[in-house]
Amino acid sequence: MLPPPSNVTTYDKDADAVAVVLFERGDHYFKVVNDKVRLIKEYHAKIKILDIKGFNHGTIQIPYYHNDTSTEKITKIKAITHNGANQYRVLPSEMFTVDLTERWKATKFTFPKIQKGSVLEYTYSITSPYFGNFDGWAFQSEIPKMYSEFNARIPGNFIYNRSLTGYLKLDTNDATIEKNCFFLRGAGDADCEILKYAMKDIPAFKMDEEYALSEKNYIAQIEFEMSEMIGVDGTSDKYTKSWKDVDREFRSDKDIGRQLTKKSFFEKNVPTSLLVEGDAMGRAKNIYQFVQNHFTWNEEYGVYNDNRVKQAFEQKKGTTAEINMSLINLLNAAGIPTHLMLLATRKRGLPKKVHPVMNDFNYTVAKTTIDGQDYLLDASDKYHPFGYLPFRALNHYGRVMDFKNESYWYDIKPNTKNKYQVRANVKFDLESQNATGILDVFTTGYKAIQKRKQINYYSEEAYLDKIEGQFEGEFAITSYELNKERSNEEKVAERFAFEIEEVVQGDLLYFNPFLIRFFDENPFKVKERTYPIDFGYPATYRYQVGIQIPEGFEVKELPEKKAIALDESRRVTYRFFSDQKQNSVLLSFDLSLNSSHFKAENYEMIKDLFKQIVNDQKNALVVLQRKP
């Protein structure tokens, strides 16, 4: 093994780093083992511990894949803790196997004698019979790296697609051909593609903030996907297919295409009126509600699993795929043309558009068109109205599988009418020194879905306790009403009567008019954010309050007025206004997120704007004083 590197104690490019990768190298190549071609993956790394908070980087997991007939094998594991001139090795007895999933296990160990300043060095080799596990290299991780290098030697009969993700650029990007580098009995010599990719001074990738898609979209990494393998007899197996190939395979697939041809089953097992009564929109909404009520989601997505819509219907329980395939069957049975749409959840990462990568997809919804208007439907969540996808599925685009024609990409456009609006009035009782008033809270769209889930999850007493807990001081809800006439699946109207004790004290009355705060703290805090902001959907936050000036008092101070637009396109606007009208103070707050997605270069502007918004909510004061 290589000697320990120089004794650095800090990393000047990241003062907050608790550890840093000093050196990292991977080598992937093919080798003949017992007359069989095997993929070899070698790894070597050295990590410097800079702070006791970095000790967790001394526990290593090396994952490996297996199935019922074969497995990857890990060999040549060496692990040493370097504490100056002293070395402490990890013994074989200190390494053990853990189960990760049904098909993945890992060899796990912890470096001994870790202290601040330790250098942790380890190497290993994986021998794999699975050529598809030539899966690439991640340059970035949660700690910074001084240097990361990936090398590959690929015989000409193995063809891989490759792509670089993330915003970082390669410092080394070399590709050459080496003649006669690989020999296989019966096939002769083959030329090899020799690859070398490297980066220096790689910043840590930390996704500590809210409002983001999967880190897989942004982390710097080289991804490989097997495209074609040419056998010793000259035959070719193509793994990267065209969408026409995928369409054809999916059309006859027993878990997908064939599950969408069960109209006759559903026609026999649902009321006939469900399929024939009303216009197209009426039938579609009734079918959607029927499926929502009939099924219970089993918390699994199940895109490529053993989907069985008949069995799921009879058991009244299924995956999102089974539930939404049942919905598609019923809509088609009702004469409403509907197709399956594949997509990836927000945590999965965006599917690649260059060519079909079916592992990119992990979710299914229904796509239908009624009276010229497109709708995306997911009946697995009982709280979502017709046309609303769950938040987990708001991931920009998906692939509609139109088996009669051709599949196509389709953009996911979330509902734009998502509002959280509060109207309040407040008056003061000089005798009791208390404030009383009314809060009318009105939510629509995705904000109403969140509210309905809260109301239905808690008892009324627990729900009101939770609401009261959001307020500071001696705030008490004295009555509550859910206005059922003004509420439906897309909006919720509530009224709270409240009392706040001991507000009036002396000749000055200080009152923060924000009884409800939309943001308790700034969700954007990091110095630099290298990945986009994604709220999921546009939203409006509106707060209006009327404060009655008690007899004998007058206005001494009101909050400062503000009007801000993020840019010329007004994708974010913020307006904060206060004024006196006769014997009342009127205050209004209006924040409109007119777009749901913002590039990383907008981060500072949005961060500063939310800083002002949070500060205004926390520190806005209406100051009243007794008249002389």
Side-chain angles (χ1 to χ4, degrees), residues 238-270 274-275 280 283-284 287-288 290-291 295 300-313 318-345 348 350-380 386-387 389 393 395-413:
K238 291 188 175 181
Y239 295 89
T240 300
K241 300 177 173 63
S242 68
W243 276 110
K244 286 186 177 180
D245 296 327
V246 174
D247 294 349
R248 184 172 57 254
E249 291 179 7
F250 272 31
R251 187 181 299 116
S252 58
D253 185 273
K254 63 183 177 62
D255 298 322
I256 299 177
R258 285 163 58 184
Q259 298 302 309
L260 299 173
T261 60
K262 309 297 181 183
K263 287 197 304 181
S264 60
F265 169 81
F266 286 97
E267 288 170 343
K268 295 175 183 176
N269 286 276
V270 301
L274 187 68
L275 305 178
R283 296 198 305 277
I287 290 170
Y288 178 76
F290 172 85
V291 174
F295 284 96
E300 295 180 6
Y301 298 157
V303 178
Y304 307 116
N305 290 358
D306 297 328
N307 297 311
R308 296 294 179 268
V309 293
K310 291 182 180 180
Q311 181 177 335
F313 183 85
T319 65
T320 53
E322 290 170 329
I323 293 171
N324 289 324
M325 286 179 181
S326 298
L327 173 65
I328 293 168
N329 276 295
L330 280 168
L331 289 171
N332 283 320
I336 304 169
T338 307
H339 304 296
L340 179 76
M341 176 164 153
L342 298 173
L343 54 86
T345 54
R348 180 79 165 193
L350 290 165
K352 300 175 188 63
K353 286 188 172 182
V354 178
H355 52 263
V357 182
M358 302 319 297
N359 285 337
D360 284 354
F361 300 94
N362 70 330
Y363 206 80
T364 59
V365 298
K367 190 261 181 183
T368 192
T369 303
I370 301 173
D371 299 330
Q373 178 68 43
D374 291 339
Y375 299 91
L376 298 180
L377 307 175
D378 182 350
S380 64
F386 186 93
L389 293 184
N395 199 25
H396 290 239
Y397 56 81
R399 187 82 180 183
V400 178
M401 308 306 293
D402 183 348
F403 295 138
K404 290 185 178 179
N405 299 295
E406 292 183 1
S407 63
Y408 56 92
W409 293 106
Y410 185 83
D411 289 339
I412 297 171
K413 298 176 182 178

Residue pairs passing the salt bridge (charged side-chain N to carboxylate O under 4.0 Å, His left out) test with at least one member in residues 352-362, sequence neighbours excluded, are Glu223-Lys352, Lys352-Asp360

Side chains of Val270 and Phe313: closer than 4.5 Å at any heavy-atom pair?
-> yes

Residues two or more places apart in sequence or in another chain: which of them pass side-chain contact (heavy atoms from CB on, under 4.5 Å) with Asp411?
-> Tyr397, Lys413

How would you list, by chain and number, every residue that makes a side-chain contact (heavy atoms from CB on, under 4.5 Å) with Ala334, sequence neighbours excluded?
-> Leu275, Arg283, Ile287, Ile336

Mind checking what makes salt bridge (charged side-chain N to carboxylate O under 4.0 Å, His left out) contact with Glu406, not counting sequence neighbours?
-> Lys244

Exam field: side chain Asn362 to backbone Val303, donor-acceptor pair closer than 3.5 Å | no

With sequence neighbours excluded, residues passing side chain to side chain donor-acceptor pair (under 3.5 Å) with Ser380 | Asp378, Arg392

Kindly state each residue pair satisfying salt bridge (charged side-chain N to carboxylate O under 4.0 Å, His left out) with at least one member in residues 258-269, sequence neighbours excluded.
-> none

Under the side chain to side chain donor-acceptor pair (under 3.5 Å) rule, collect the residues that match up with Tyr408, sequence neighbours excluded.
-> Lys367

Mind checking what makes side chain to side chain donor-acceptor pair (under 3.5 Å) contact with Asp306, not counting sequence neighbours?
-> none

If we ignore angles and hydrogens, is there a donor and acceptor under 3.5 Å between the side chains of Asn395 and Tyr363?
-> no

4.5 Å side-chain heavy-atom contact, Phe250 and Leu340 = no

For Gly398 and Leu343, which heavy atoms make the closest approach, and how far apart are they?
-> CA-CB, 4.1 Å

Donor-acceptor contact below 3.5 Å, side chain Thr368 vs main chain Asp374 = no

Taking Asp247 for its side chain and Asp402 for its backbone only, find out whether a donor-acceptor pair lies under 3.5 Å.
-> no

Is any side-chain heavy atom of Met341 closer than 4.5 Å to a side-chain heavy atom of Ile412?
-> yes

Return the set of residues passing side chain to side chain donor-acceptor pair (under 3.5 Å) with Asn332 (not counting sequence neighbours), or none when no residue passes.
-> none

For His339, enumerate each residue passing the ring-ring contact (aromatic ring centres under 6.0 Å, His included) test, keeping only those at least two apart in sequence or located in another chain.
-> none

Whether Asn329 side chain and Met325 backbone form a donor-acceptor pair below 3.5 Å = yes

Arg308: salt bridge (charged side-chain N to carboxylate O under 4.0 Å, His left out) partners, not counting sequence neighbours = Asp255

For Trp243, check ring-ring contact (aromatic ring centres under 6.0 Å, His included) against everything at least two apart and list the hits.
-> Trp409

Pairwise distance CD1(Ile328) to CG(Leu260) - rounded to 0.5 angstrom | 5.5 Å

Under 4.5 Å between any side-chain heavy atoms of Tyr301 and Thr345, yes or no?
-> yes

